[in-house]
Amino acid sequence: MAGLPLPPPNPPPLSTRNQTSTSSSANFAQIPSWVSLKRSSSTIKTEKIQQGKLENLHLVSLSKQGKLKEAHDFLKEMDDADVSVTPHSYQCLFEACGKLRSLADGRLIHDRLRRTVKNPSGSIENCLLRMYCDCGSCIDVQKVFDEMLMKNLVSWVIVISAYAKNGELEKAIRLFSDMQASGIRPNSAVYMSLLQSCLGPSFLELGKQIHSHVIRAQLNANITVETAICNMYVRCGWLEGAKLVFDGMDAQNAVTWTGLMVGYTQAKKLEVALELFARMAMEGVELDEFVFSIVLKVCCGLEDWDMGRQIHSHIVKLGAESEVSVGTPLVDFYVKCGDIESAYRSFGRISEPNDVSWSALISGFSQSGRLEDCIKIFTSLRSEGVVLNSFIYTSVFQACAAQANLNMGSQAHGDAIKRGLVSYLYGESAMVTMYSKCGRLDYARRAFESIDEPDAVAWTAIISGYAYHGNAAEALGFFRRMQSYGVRPNAVTFIAVLTACSHSGLVAEAKQYLGSMSRDYGVKPTIDHYDCMIDTYSRAGLLQEALELINRMPFEPDAMSWKSLLGGCWAHCDLKLGKIAAENLFRLDPGDTAGYILLFNLYSAFGKWEEAGHVRKLMAERELKKEVSCSWISVKGQVHRFVVGDRHHPQTEAIYSKLEEFKCSVIDSPVRLLNEEDDVSCSLSARKEQLLDHSEKLAIAFGLISTEDNAPILVFKNLRACRDCHEFGKQVSMVTGRQIVVRDSTRFHHFKSGKCSCNDYW
DNA sequence: GTAGGGTTAG
């Protein structure tokens, strides 16, 4: 990728509602250091009043720049020179402390205020209150508030909002009553802060009471307050109430409509949400930049890609594409569409992308398999010091998992920890998967054990990890542990459990788990679960059972059902059933290359060359090409890739002579089977030659000559391991005593002392 | 007052 597209010229802004106007206050950063209390500056010293003004000006400047340490020093100098601090300076100092959330500084300056000023004004005290709120210290807020002699409306608003924001709603309500008792009428700000604190269904009753207070206070004609009430009902899960308030309003603005659409989206009533948008557009409500994100989300949920594109063109007409709050949801929409090119184009039109925009794009690349791009963008963002977030890291972990890129994955891991950006559960589960797919089950386990309270997804990740590595005992152990912790398994968990069983020949266990899903766990089995069971029977050679299950299961068999059976027929040499399975598979998925190869091998095994040739012709007719097979190994941080018969590597001679040492391992059976790695069109004798230099063997041989004698060898390949290479792995592990690990397209093979963890089942 | 990005699978 040659750099990202340039942003276009700025379009007219949508609405200025959210654009903070730049204040016209002086730039205090420019006040030079001559405003200091050097005793030599006699001109300043002589004029007492002027002097105080300048010092206070400097103090204000330091506060606005957030230079609190310098401010403290300067305050001391002012004390020494007997210059008093003005109320305005105190206000600025408190504002700075609040902004920086520096409670310690705030308390120091508060102390100073107490010592030097007898009766501070109400507005100073309100500043103090606000400072302690910003620093999150309710104790200090309460103390100041209790000692205040002149409590005005603002003071009450600050304190009530402080408690409300802090989740102490009861206290806020009590203060609210006190306020009324003391004869002060609450304003809309008080009600807004109380309403915003009603966060879930448990607050519904309280929310209703606040609502009735609003009506009594006659504030219910205020569009902002009404919108807040509407959103309160949405958050409390009472959509009907929200709708009632909405319909009762004299006029609604874009915010009101957006809030209601969010409500219907959360309630999974997507059609209603979309209707609302249509109505809103028809009624000519002035759209703002936030409306589109929710509508586009609705389109994604409905998979209504046409509607999404229509909305996109509407956005273009409004000239809002470059707005980050509009462009980012657009990127996500196209990612969900599976249209990564459009997503990338939309991203390029955002004039000032933020971290959310980047994460939407990166996850798009990760999900669409553009892993190189994903990693590339991540690396360049990191080096440019752009703000990253935990979403980005989660996507990077995923990409590294798919790429089996342990190097990048563990680097990103360390980096994310340093920046505190491993997101709880999301990032952690992705990390478990990353390590297990990179071949480091030990790290995966450690990553898992460090999760505070793993949820079903995290448990599923570790169970899948062990299943993927062919260790059913551990996988099932984790499944039991999961239940002992009271975490309920979901549908995907059972896929992992059943996969663990099928790869280890645990037929009875699989049957029992499938049967217990609905009964004991309340998880309804889907066709995927039945396919796992069919796979289990097939691998174990129980082909009749597999066929029976296909016929009597409560679903129409899909391609996967027949493919599993075909795999079993191939492994256990059942031509008759294999033909039936293949016919059905090709009917449902004519493009399944691996299926044709299975059938070809099956015919060949029975010496049925004519039929085998027919399969080959069929593949050619349907223009099915095998993916070019390759294997790779990482040595000292460098990745070495090999294809069949590869002679490009600088150490080719040494690699081939190492292979010669193991030559006798090639099974010399009268029937030479076709493997995924072989060229389908070449002759039998040529294929025999090919067996010697399959990419997997080349990678293993290179591993042998380029690593320490006792180091384990980890090889990755893009296709399924063939029988010869599998035997080769076993033999090498026996002769050399090395541990060999091969990840093929479906699982890990751990070769040790002449045996493989897959028990020759894969 | 409002929204936007991600976790587990064969």
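When reading the values below, keep in mind they use all heavy atoms of this one structure, side chains included, and skip hydrogens, waters and symmetry mates. So that the names make sense, note that chain A is the first sequence line, chain B the second, and so on, each numbered from 1.
Among the atoms of the strands shown, only primed sugar atoms or phosphate atoms (P, OP1, OP2) are found under 4.0 Å from some heavy atom of A/Q367. Among the heavy atoms of the strands, none lies under 4.0 Å from A/V432. Using a 4.0 Å heavy-atom distance criterion, A/T328 is classed as a base contact. Here A/T493 lies out of heavy-atom contact (under 4.0 Å) with every strand. Among the atoms of the strands shown, base atoms are found under 4.0 Å from some heavy atom of A/S325. Within the nucleic acid shown, A/N231 comes within 4.0 Å of sugar-phosphate atoms alone, with no base atom in reach, counting heavy atoms only.
Atom CD in A/Q196 sits roughly 11 Å away from atom C1' in B/dT2 (whole-Å rounding). We find that OH of A/Y264 is positioned 18 Å from P of B/dT2, with the value rounded to whole Å.
Remark: A/K243 fails to qualify as a cation-pi partner of A/W238 under the 6.0 Å distance and 45° angle criteria applied to the six-membered ring. Annotation: cation-pi geometry satisfied between A/K437 and A/Y468 (NZ/CZ under 6.0 angstrom from ring centroid, within 45° of ring axis).
Applying the ring pair (Phe, Tyr, Trp, His ring centres under 6.0 Å) criterion to A/Y424, with sequence neighbours excluded, gives no partner residue. Checked against side chain to side chain donor-acceptor pair (under 3.5 Å), A/N471 has no partners two or more places apart in sequence or in another chain.
For A/F290 and B/dA3, the ring-to-base geometry does not satisfy the stacking test (centroid distance below 5.5 Å, interplanar angle below 30°).
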